[in-house]
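Take a look at the structure below.
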Amino acid sequence: MAQQSKLTDTIMQWQQSQGRHNLPWQQTITPYKVHVSEIMLQQTQVATVIPYFQRWMALFPDLETLAAASEDEVMTLWQGLGYYTRARNLRKAAQYLNEQHQGQYPDDLKALEAIPGVGRYTAGAIRSFAFNSYGPIVDGNVKRLFARLFGIYGEPNKSSVNKEFWQQAERLTPPDNSKAFAQGVLDLGATVCKRHNPLCTECPVQADCFAFEHDCIEHLPSAKKSKVKPVKDAHFLWHTQDNKLLFKKRPSPGIWGGLWCLPEQQEAPENASLLGQFTHQFSHYSLQASVWQLNNVQQPAGLYQNTRLQPISELQQIGLPTPVRRFIEDIQTLV
DNA sequence: GATACGTGGGA
DNA sequence: TTCCCAAGTAT
């Protein structure tokens, strides 16, 4: 067996004694559980994911069940978790694996990356966690850890900087049995090498750490350029009929794609009264929404494609964007 | 390479 | 309040 770096050994041993071993997707590991959890965890905190993961596994216990599920079933479960393309791709992935790979997960990185929604990180994660084979990973945790450990400056998403992170990951990841290493860098980043107030006194690689030695932990990783968030206006229609509310399915791709939403239009409608307003902060823009109640006899024109009248008492059964659900609930409380 | 894509938590 | 960030990917 090839000589493994001391850093690799240290991180693996730390993981086995101090790392996380009780996360739901670490129990009776299967490629499917690893896949689902890794998709859910993209840009999403562990604590947020856990209840979604539990519900998902109860409803879609395997690839076959998932492949046969409707998009609506999947979106209803995913509502509130965000980045809804992930949910649609997960369902596509199940169909793809059933049709192209006999319902089995491939175990090489290239084939894993060909799965819808699986990129370089997730392919490495599946290979490491599910197969315990060589699977380098670079995520936010790893970037923070490596930036400090090796003194890697520059915006982490800049391609040249990103390339450095991946080179380090490929170099340090052991050729076999890479699970403990992959889990180790994630756990170190998440629980010790935190963005704020890192626990350097508990860090197993403190002696090797550039940032610790140079006392520049708070300056690494380098800050990204912040951008001005644009404000967008939206006009939603509130149309009720027999205690039912009119919804329209959001197109994909696009914001809230695949979820049901109040019908939206560019301009404020004529002959309508303002029922209420809400604002919502997306990561890339602020939404200023107005909700218009149409006059009684007025029918919303040209809205019948992909629409449904949903009983207000049965809103739990469809996937709604979080701020829209919140608005509707607030209105109900007032009534 | 830049941008779109959600939501909630923490400082 | 506002901003950054969290197990990134697709286009």
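It should be emphasised that the depicted structure is a prediction, and the values quoted were computed from it without experimental measurement. Every chain is numbered from 1, with letters handed out A, B, ... down the list of sequences. All heavy atoms count here, side chains included; hydrogens, waters and symmetry mates do not.
- Side-chain N/O atoms of A:H280 include none lying less than 4.0 angstrom from OP1 or OP2 on B:dG6.
- In the set B:dT7, B:dG6, C:dA7, B:dG6 carries the atom at the smallest distance from any side-chain atom of A:T44.
- Across all strands shown, A:L81 has heavy atoms under 4.0 Å from base atoms, whether or not it also approaches the sugar-phosphate.
- Looking at heavy-atom distances under 4.0 Å, A:G189 makes no contact with the nucleic acid at all.
- With rounding to whole Å, A:M40 atom CE is found 15 Å from B:dG6 atom P.
- Residues A:V138 and A:Y121 fail the side-chain proximity criterion, which asks for heavy atoms closer than 4.5 Å.
- A straight line from CG of A:N197 to P of C:dC4 spans 18 Å, rounded to a whole angstrom.
- Residue A:N141 has its side chain nearest to C:dA7 when only C:dA7, B:dC5, B:dT7 are considered.
- The distance between the ring centers of A:F282 and A:W256 falls below 6.0 angstrom.
- Residue A:P323 is in sugar-phosphate contact alone, with no base atom involved, counting any heavy-atom pair closer than 4.0 Å across all strands shown.
- When heavy atoms are screened at a 4.0 angstrom cut-off, A:K227 is found touching the sugar-phosphate backbone but no base atom.
- Among the atoms of the strands shown, none is found under 4.0 Å from any heavy atom of A:V142.
- In this model, the phosphate group of C:dA7 is not approached by any side-chain N or O of A:W25 to a distance below 4.0 Å at OP1 or OP2.
- Rounded to a whole Å, the CG atom of A:N89 is 15 Å from the P atom of B:dC5.
- Sequence order on DNA chain C of the closest nucleotides to A:I115 and A:A190 puts A:A190 first from the 5' end.
- Residue A:L259 is out of contact with every strand shown, counting any heavy-atom pair closer than 4.0 Å.
- For A:Q45 and A:A123, each mapped to the nucleotide of DNA chain C holding its nearest heavy atom, the one lying further toward the 5' end belongs to A:Q45.
- For the residue pair A:N141 / A:R144, a side-chain donor-acceptor distance below 3.5 Å is found, with atom types taken as modelled.
- Contact annotation: A:H284 reaches the phosphate of B:dC5 (side-chain N/O to OP1 or OP2, under 4.0 Å).
- Considering only side-chain atoms of A:Y83, the nucleotide from B:dT7, C:dA6, B:dC5 that sits closest is B:dC5.
- For A:D139, whose side chain is taken as the heavy atoms from C-beta onward, the closest listed nucleotide among C:dG8, B:dA11, B:dT7 is C:dG8.
- As a whole-Å value, the separation of A:K158 NZ from B:dA2 P is 10 Å.
- For a distance-only test at 3.5 Å, the side chain of A:R20 qualifies as a donor-acceptor partner of the base of C:dA7.
- Proximity of A:R326 to the phosphate of B:dG8: a side-chain N or O atom is located under 4.0 Å from OP1 or OP2.
- Among the heavy atoms of the strands lying under 4.0 Å from A:T122 are primed sugar atoms or P, OP1, OP2 only; no base atom is included.
- Below the 3.5 angstrom threshold, one finds a donor paired with an acceptor across the side chain of A:S283 and the base of B:dG6.
- Across the protein-nucleic acid pair, A:I255 atom CD1 and C:dA10 atom P stand 18 Å apart, rounded to whole Å.
- When the C1' atom of C:dT9 is taken as reference, atom CZ of A:R88 falls 12 Å away, rounded to whole Å.
- Within 4.0 Å of A:L186, counting heavy atoms only, lies at least one base atom of the nucleic acid.
- A:Y285 has no side-chain polar atom (N or O) that falls below the 4.0 Å cut-off from OP1 or OP2 of B:dA4.
- Taking side-chain N and O atoms only, A:S159 has a distance below 4.0 Å to OP1 or OP2 of B:dG1.
- Regarding A:F282, its CZ atom lies at a distance of 18 Å from the P atom of B:dT3, rounded to whole Å.
- Counting to the nearest Å, the P atom of B:dG8 and the CD atom of A:Q79 are 11 Å from each other.
- Nucleotides B:dG8 and C:dT1 are separated by 16 Å at their P atoms, to the nearest Å.
- A:T65 and A:D62 share a donor-acceptor pair across their side chains, judged by distance under 3.5 Å alone.
- Inspection of the A:D72 and A:W260 side chains reveals an N or O donor paired with an N or O acceptor under 3.5 Å.
- Contact check on A:E170 versus A:R120 returns a salt bridge, with a Lys/Arg side-chain nitrogen under 4.0 Å from an Asp/Glu carboxylate oxygen.
- A gap of 22 Å separates the C1' atoms of C:dA7 and B:dT3, to the nearest Å.
- The side chain of A:L41 sits closest to C:dA7 out of C:dC4, C:dA7, B:dG1.
- Inspection of the A:Q277 and A:S290 side chains reveals an N or O donor paired with an N or O acceptor under 3.5 Å.
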